[in-house]
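A short write-up of the structure that comes next.
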Amino acid sequence: MLTRWGRRPAHTADGRGRLLATHPGRLLAATRPARLLAAIGLVLALAVVAAPPTVTVAAAREGGIECPIGQNDCDVWDDDPGNPGNPGGGNPGDGDGSSGGSGTCQWNGRVIACYDDLLGWFNNGDGCYYKLSQPQPEGTPEGKQWYTATCNGGDLGTQHEVLLDAPPPGYGTPPDPEELARRALASISLLPPRATVAPRKSIGPGLVGLPVWMWASPGKAYFGTLEASASDRGLTVSIAAKVDKIVWDMGNGDKVTCRGPGTPYDPKGPKAGGPSPDCGYHGGYAKADTYEIFATTHWNVHWTGGNQSGDIPQTRTSGIIQVQIDELQVVTR
């Protein structure tokens, strides 16, 4: 008979390689598939656990911008989707923190905001901010306009009025909608999945060929939809972030893709002993071993604004979960 996890029964095989079970005074037939499914109820019942994984993942992740494990938010300003963001950073173009434009304006070797609500637009050519004077003085020549110039990178002590026949370079440059989308993205948290499996090594081993259940904590922070917006110079960009799929790496080269968080295993539920209805490794493992499983959520951040739209991919990866798989061993005596 099957013993409790942690104690292996004595075993042997018959002449045709079938595994048989020891039982006092009688010979048990080889276990049938129906009894295998009944056995999974015991195996999985002891495997359910609600605690999140605590071991970090060292494996490479797939596509998009990703955060280091244990860090919920990262530098989403990185334009190279293949590189992880640096902890705690922001866009270097934000400079002194005032509302900014494209992040390409510089003065005396430092990056500054291309637009300031008080000073106006920055001209890289002369180091001055320009803002249209309001109201325009009487007698302003036709075709010209007065501007308040704040030079020396925005030093208020250098303010003066200047008459120009055309806006200075950089004046009125609209914000980049995708930059605003990334600014909105930086204001929300896309959490890594809190992944759980049954069976689980910390509780007890599973059996070769039996289904494995996988699931992750549901909720907006883990799967979306999360919404946010950012505004600058009259333009507002809105984002909606949600998980398109969660990919489970089963530790043996196999990957399982699920479209939602999955169903927690219930040892007393109607599906106990069978495969997961929506997120499982149905065929189970082919050989006994210890496997390391982790899950990666693939987010899509869709943004709209300024008569434009686009998508920003993101990934978040769980910690490692170990699963120990043993063979189903039965003998005769």
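Note that the structure is predicted; figures quoted are calculated from it, not measured.
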| remark: Between Leu226 and Ala221, the two heavy atoms sitting closest are CD1-CA, 4.3 Å
| field | Polar side-chain atom of Trp213 near backbone of Asp266 as donor-acceptor pair, under 3.5 Å | value | no
| query | What is the minimum heavy-atom distance between Pro199 and Val323, and which atoms define it? | reply | O-CG2, 3.5 Å
| field | Any Thr148 side-chain heavy atom under 4.5 Å of His160 side chain | value | no
| Inter-residue atom distance Ile293.CD1 - Thr196.OG1, 0.5 Å rounding | 11.0 Å
| field | Note, Leu156 side chain near Thr150 side chain (heavy atom, < 4.5 Å) | value | yes
| Any Arg316 side-chain heavy atom under 4.5 Å of Pro193 side chain | yes
| Are Leu118 and Trp107 linked, directly or through other ILVMFWY residues, by side chains that come within less than 4.5 angstrom of each other? | yes
| query | According to a 4.5 Å side-chain heavy-atom criterion applied to Ile, Leu, Val, Met, Phe, Trp and Tyr, with indirect links allowed, do Tyr129 and Trp146 form part of one hydrophobic cluster? | reply | no
| Do Leu163 and Leu132 belong together in a cluster built from hydrophobic side chains that touch within less than 4.5 Å? | no
| field | Centroid-centroid distance, Phe122 to Tyr130, less than 6.0 Å | value | no
| request: Check the side chains of Asp311 and His302 for a donor-acceptor pair under 3.5 angstrom, ignoring hydrogens and angles. | output: yes
| query | Hey, what do you get for CG (Leu190) to OG1 (Thr315), rounding to the nearest 0.5 Å? | reply | 10.0 Å
| Does Asp117 offer a backbone N or O that forms a donor-acceptor pair with the side chain of Lys131 under 3.5 Å? | yes
| message | Does any part of the side chain of Ser229, heavy atoms only, come nearer than 4.5 Å to the side chain of Ile239, both counted from C-beta? | response | no
| task | Please report the shortest heavy-atom distance between Ala241 and Ile188, naming the atom on each side. | result | CB-CD1, 4.4 Å
| remark: Closest non-hydrogen contact found for Ala228 with Ser187 is CB-OG, 3.8 Å
| task | Give a yes or no on whether Lys242 atom NZ has more than 12 heavy-atom contacts from other residues, nucleotides or ligands under 6.0 Å away. | result | no
| What's the verdict on side-chain contact (heavy atoms from CB on, under 4.5 Å) for Lys255 and Thr257, showing C-alpha distance, side-chain angles and the deciding distance? | CA-CA 7 Å; Lys255 293 184 179 181; Thr257 298; 5.7 Å; no
| Can you check whether Gly143's main-chain N or O pairs, donor with acceptor, with Asp165's side chain at less than 3.5 Å? | no
| note | Lys220 and Trp299 have their tightest heavy-atom pair at O-CH2, 3.7 Å
| Is there a side-chain contact between Ile325 and Tyr291 (heavy atoms, below 4.5 Å)? | yes
| said: Under a 3.5 Å cutoff, is there a donor and acceptor pairing between the side chains of Thr140 and Gln145? | reply: no
| Do Trp303 and Gln308 pass the side-chain contact (heavy atoms from CB on, under 4.5 Å) test, and can you show the C-alpha distance, the side-chain angles, and the key distance before you say yes or no? | CA-CA 8 Å; Trp303 61 266; Gln308 299 184 48; 3.9 Å; yes
| remark: Shortest non-hydrogen pair, Ala286 vs Val208, comes out as O-CG1, 3.5 Å
| said: Distance alone, cut at 3.5 Å: any donor-acceptor contact between the side chains of Thr158 and Asn152? | reply: no
| Value rounded to 0.5 Å, distance of SG in Cys114 from CH2 in Trp121 | 11.5 Å
| Value rounded to 0.5 Å, distance of CD in Gln322 from OG1 in Thr290 | 6.5 Å
| Glu292 vs Ile321 side-chain heavy atoms within contact, under 4.5 Å | no
| task | Indicate whether the side chain of Ser231 and that of Thr236 have a donor and an acceptor atom separated by less than 3.5 Å. | result | yes
| Any side-chain heavy-atom pair of Thr296 and Ile246 under 4.5 Å | no
| note | Between the CG atom in Asp278 and the OG1 atom in Thr263, the distance rounded to the nearest 0.5 Å is 3.0 Å
| Atom pair CG/CG of Leu210 and Asp326 - distance to nearest 0.5 Å | 11.5 Å
| said: Between Gln314 and Leu185, does the side-chain contact (heavy atoms from CB on, under 4.5 Å) criterion hold? Intermediate values first, please. | reply: CA-CA 10 Å; Gln314 298 275 289; Leu185 177 55; 3.9 Å; yes
| note | Tyr281 meets the ring-ring contact (aromatic ring centres under 6.0 Å, His included) criterion, sequence neighbours left out, with Tyr285
| field | Any donor-acceptor N/O pair, Ser276 side chain to Cys279 backbone, under 3.5 Å | value | yes
| Can you list the steps and then say if Glu161 with Ser133 is a side-chain contact (heavy atoms from CB on, under 4.5 Å)? | CA-CA 8 Å; Glu161 300 296 311; Ser133 300; 2.6 Å; yes
| task | Determine whether Ser318 and Trp248 make a side-chain contact, defined as any pair of heavy atoms from C-beta on separated by less than 4.5 Å. | result | no
